[in-house]
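Only this structure's heavy atoms are used, side chains among them; waters, hydrogens and symmetry mates stay out. In this text the structure is predicted, and so the values were computed from the model without any measurement.
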Amino acid sequence: MRIGPDALATFDAHRQKRFYHREAGGQLFARVRGDDWEIVAATGPRSRDRRGRFSFRPHRDSEQEEIYHHHALGFDYVGDWHTHPEDEPTPSPEDLWSIAEVVRRSTHHLAGFLLVIVGRRPFPDGLWASFHFVGGAQVDARRKRLSSVTEG
């Protein structure tokens, strides 16, 4: 898996660096060729999302429109991202439940979806990534491996 520069720039632009910054988030889209995923876009936040200091609720209709749009361009929806106001983020129980529900309720051909959480620290320390399988298992990327995520 590789995270492209446009997606990383979106993450960086929305880090909650100040106490008054609200959580932001969106969806991840990738070129998927077997086990090779290249995340080319991270969407959001959207004007109709509900954002607070410690919460983010996406506008579901807008998300579906993004999926249709990116699918027409040849990209697959591969997961969600959002920010946390902590230096090195970790998912909340609600975050884990939410991505598990997305995996369970979605119609897709993938083994599962990604969850990316963006913290206050710069990449790679301020980035959490985990993969959530259709069967319910979860694999967390270790911080040591995240430093090479943008490499081939």
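Counted by atom type alone, Asp95 and His82 present one or more donor-acceptor pairs between their side chains at under 3.5 Å. No side-chain donor-acceptor contact under 3.5 Å links Thr83 and Glu23. Asp76 and His108 are not linked by any side-chain donor-acceptor pair at a separation below 3.5 angstrom, with hydrogens and angles left out of the test.
For the salt bridge (Lys or Arg N to Asp or Glu O under 4.0 Å) test, no residue two or more places apart in sequence or in another chain qualifies with Glu65.
When the side chains of ILVMFWY residues are joined at heavy-atom separations under 4.5 Å, either directly or via intervening members, Val103 and Trp97 end up in two distinct hydrophobic clusters. Under the 4.5 Å side-chain heavy-atom criterion for grouping Ile, Leu, Val, Met, Phe, Trp and Tyr, Leu73 is connected to Leu110 within one hydrophobic cluster. Neither Val116 nor Phe54 shares a network with the other; the hydrophobic side chains, linked directly or stepwise wherever heavy atoms of I, L, V, M, F, W or Y lie under 4.5 Å apart, form separate groups for each.
Distance alone, capped at 3.5 Å, places no donor-acceptor pair between the Ser98 side chain and the Glu94 backbone. Panel note: side chain Glu63, backbone Gln27; no donor-acceptor pair is recorded below 3.5 Å. Distance alone, capped at 3.5 Å, places no donor-acceptor pair between the His70 side chain and the Ile67 backbone. Looking at Gln16, its side chain does come within 3.5 Å of a backbone N or O of His21 through a donor-acceptor pair. Judged by distance alone, with hydrogens and angles left aside, the side-chain atoms of Arg15 form a donor-acceptor pair with the main-chain N or O of Arg120 at under 3.5 Å. With hydrogens and angles disregarded, a donor-acceptor distance shorter than 3.5 Å links the side chain of Thr10 to the backbone of Asp6.
Rounded to the nearest 0.5 angstrom, Arg22 CZ and Phe56 CZ are separated by 10.5 Å. The line from NE2 of His69 to OG1 of Thr43 is 10.0 Å long, rounded to the nearest 0.5 Å.
When every heavy atom of Gln138 is checked against every heavy atom of Leu96, the shortest pair comes out as OE1-CD2, 3.6 Å. Across all non-hydrogen atoms, the minimal contact from His14 to Gly44 is NE2-O, 4.0 Å. Minimum heavy-atom separation, Trp81 to Ala42: NE1-CB, 3.8 Å. In plain terms, the two heavy atoms of Ala24 and Pro45 that are nearest each other are CB-CG, 3.8 Å. The shortest non-hydrogen separation linking Pro91 to His84 is CA-CE1, 4.3 Å. Asp80 approaches Leu28 most closely through the heavy-atom pair O-CD1, 3.7 Å.
Counting only heavy atoms from C-beta outward, the side chains of Phe11 and Ile3 approach each other to under 4.5 Å. Contact check for Ile39 versus Met1: side-chain heavy atoms found under the 4.5 Å cut-off. The closest side-chain heavy-atom distance from Ile117 to Thr90 is not below 4.5 Å. Counting heavy atoms from C-beta outward, Phe75 and His71 have side chains that stay 4.5 Å or more apart.
Ion pairing between a basic and an acidic side chain is recognised when a charged N comes within 4.0 Å of a carboxylate O; Arg121 and Asp87 show no such pairing. For the pair Asp49 and Arg46, the salt-bridge criterion is met [side-chain N within less than 4.0 Å of a carboxylate O]. In this structure, Asp36 does not pair ionically with Arg31, as no charged nitrogen and carboxylate oxygen lie closer than 4.0 Å.
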Q | side chain to side chain contact (heavy atoms under 4.5 Å, CB included) between Leu115 and His132, intermediate numbers included | A | CA-CA 8 Å; Leu115 171 63; His132 300 262; 3.8 Å; yes

Q) Going through the checks in order, is the side chain to side chain contact (heavy atoms under 4.5 Å, CB included) test met by Leu8 and Phe123? A) CA-CA 8 Å; Leu8 287 173; Phe123 175 82; 4.1 Å; yes

Q: In sequence, state the C-alpha distance, the side-chain angles, and the governing distance for Trp37 and Phe29, and then conclude on ring-ring contact (aromatic ring centres under 6.0 Å, His included).
A: CA-CA 9 Å; Trp37 289 20; Phe29 293 91; over 10 Å; no

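Counted within 6.0 Å of CZ on Arg53, heavy atoms from surrounding residues, nucleotides or ligands total more than 12; the atom is thus considered enclosed.
Between Tyr77 and Phe113, the distance separating the two ring centers is shorter than 6.0 angstrom.
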